[in-house]
Protein chains: 2
Amino acid sequence: MFELVFKALGEPTRLKIIKLLAHRELCVCDLEEILQMSQPRISQHLKVLKHAGLVNDWKEGQRTICSLNQISLNNTINEFLQYIAKPIESIAEMAEEVARIPAVTGETCLKRSCKETI
Amino acid sequence: MFELVFKALGEPTRLKIIKLLAHRELCVCDLEEILQMSQPRISQHLKVLKHAGLVNDWKEGQRTICSLNQISLNNTINEFLQYIAKPIESIAEMAEEVARIPAVTGETCLKRSCKETI
DNA sequence: TAGACACATAATAAAATACTTATATAATTA
DNA sequence: TAATTATATAAGTATTTTATTATGTGTCTA
């Protein structure tokens, strides 16, 4: 989930689209003209942004108008900061990794040298 | 700059490393053991994280201890939110794009149809 | 209703990333 | 001082992303 969003934000064209949509709603055709990029290129980047929940769009006649989902962007970032801050023991998906965290930093290396538990 | 950081965060292994280092300082060898991944793999991901300014490291004997640069992470995220919020006209790198923003959404399409300025 | 238009998607080519295996280096220990 | 250890880096391969070209679909307009 964070991965999808960060991956979407980690690309220069998509960052520009985000910034443009933060300024104002635009149709695909506007973005094409503003960024001087091919229509499929814009279309595909928008798809990635929509998948990440960062951009909303709707039809108006034959045009597709796009807008930035500010709320989703803010929420995701807040949730990420909370994720980083909360105790690692509370993250179910990391249970296996947590079980392998050594008691002290570097203990793993010592163990290997001794070939036994400290 | 945002691109580097988001690209660094947009990968599952690196996200796990970030979360582990948020919990505690760890040496490369610890990460290798905790994540059950090869040493070069860990090393290369750490390089990306260091380049993005998200991880600090120092030598202690033959070990390399890594820590999360919380401040840098928080700063980058705050700066990103400010970047999104501030007027697009104030962003020098986007001057060319800004000059091409149409007066109203969808105007670009109309222009094309008419083959002349509105 | 036949174009023209805005957009999406498929297919493909090119480029960037990620992972593995192999090797190098510096610190540590026997 | 010769192994061993922790880590980095290089080289090669596999995988994923990105961009282009080509084509399809629904909407509007002449």
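All values below were derived from every heavy atom in this structure, side-chain atoms included, with hydrogens, water molecules and symmetry-related copies excluded. Numbers restart at 1 for each chain; the letters A, B, ... are given by sequence-line order, proteins then strands.
If you measure from atom NZ of Lys47(B) to atom C1' of dA18(C), you get 14 Å, rounded to the nearest angstrom. Rounded to an integer number of Å, the gap from CD of Glu11(A) to P of dA15(C) is 16 Å. Here dT18(D) presents its P atom at 13 Å from CG of Leu46(A), a figure rounded to the nearest Å. Residue Gln44(B) contributes atom CD, which lies 12 Å from atom C1' of dG12(D) at whole-angstrom precision. Computed from coordinates, the Arg41(A) CZ to dT17(D) C1' distance equals 12 Å when rounded to whole Å. Protein atom CG of Leu31(B) is 13 Å distant from nucleotide atom C1' of dA6(D), rounded to whole Å. In this entry the distance linking CD1 of Ile65(A) with C1' of dT27(D) reads 14 Å, nearest Å. Atom-to-atom, NE2 of His51(B) to P of dA8(D) comes out at 13 Å; the value is rounded to the nearest Å.
Ring orientation note: the planes of Phe6(A) and Phe80(A) are nearly perpendicular, at an angle over 60° on the 30°/60° scale.
An OP1 or OP2 oxygen of dA18(C) is reached within less than 4.0 angstrom by a side-chain nitrogen or oxygen of Arg14(B). Within the 4.0 Å cut-off from OP1 or OP2 of dT17(D), at least one side-chain nitrogen or oxygen of Lys7(A) is found. Contact check, Ser43(B) against dA8(D): a side-chain N or O comes under 4.0 Å of OP1 or OP2. For His45(A), a side-chain nitrogen or oxygen approaches OP1 or OP2 of dA19(D) to under 4.0 Å. Applying the 4.0 Å criterion to OP1 and OP2 of dA8(C), one finds that Lys50(A) has a side-chain N or O inside that range.
Between Asp30(B) and Thr108(A), the side chains place a donor N or O and an acceptor N or O closer than 3.5 Å (distance only, hydrogens not considered).
If you find the closest nucleotide of DNA chain C to Cys27(A) and to Val48(B), the one lying nearer the 5' end belongs to Cys27(A). Each of Glu3(A) and Cys29(B) has a nearest nucleotide on DNA chain D; the 5'-most of these lies closest to Cys29(B). Nearest-nucleotide mapping onto DNA chain D: of Gln39(A) and Pro40(B), the residue sitting toward the 5' end is Pro40(B).
Here the side chain of Glu60(B) pairs no donor or acceptor atom with the backbone of Arg63(B) at under 3.5 angstrom. Without hydrogens or angle criteria, Ser90(A) side chain to Pro87(A) main chain gives a donor-acceptor distance under 3.5 Å.
Placement of Val48(A) and Leu15(A) in two distinct hydrophobic clusters is found when ILVMFWY residues are connected by side-chain heavy-atom separations under 4.5 Å, directly or transitively.
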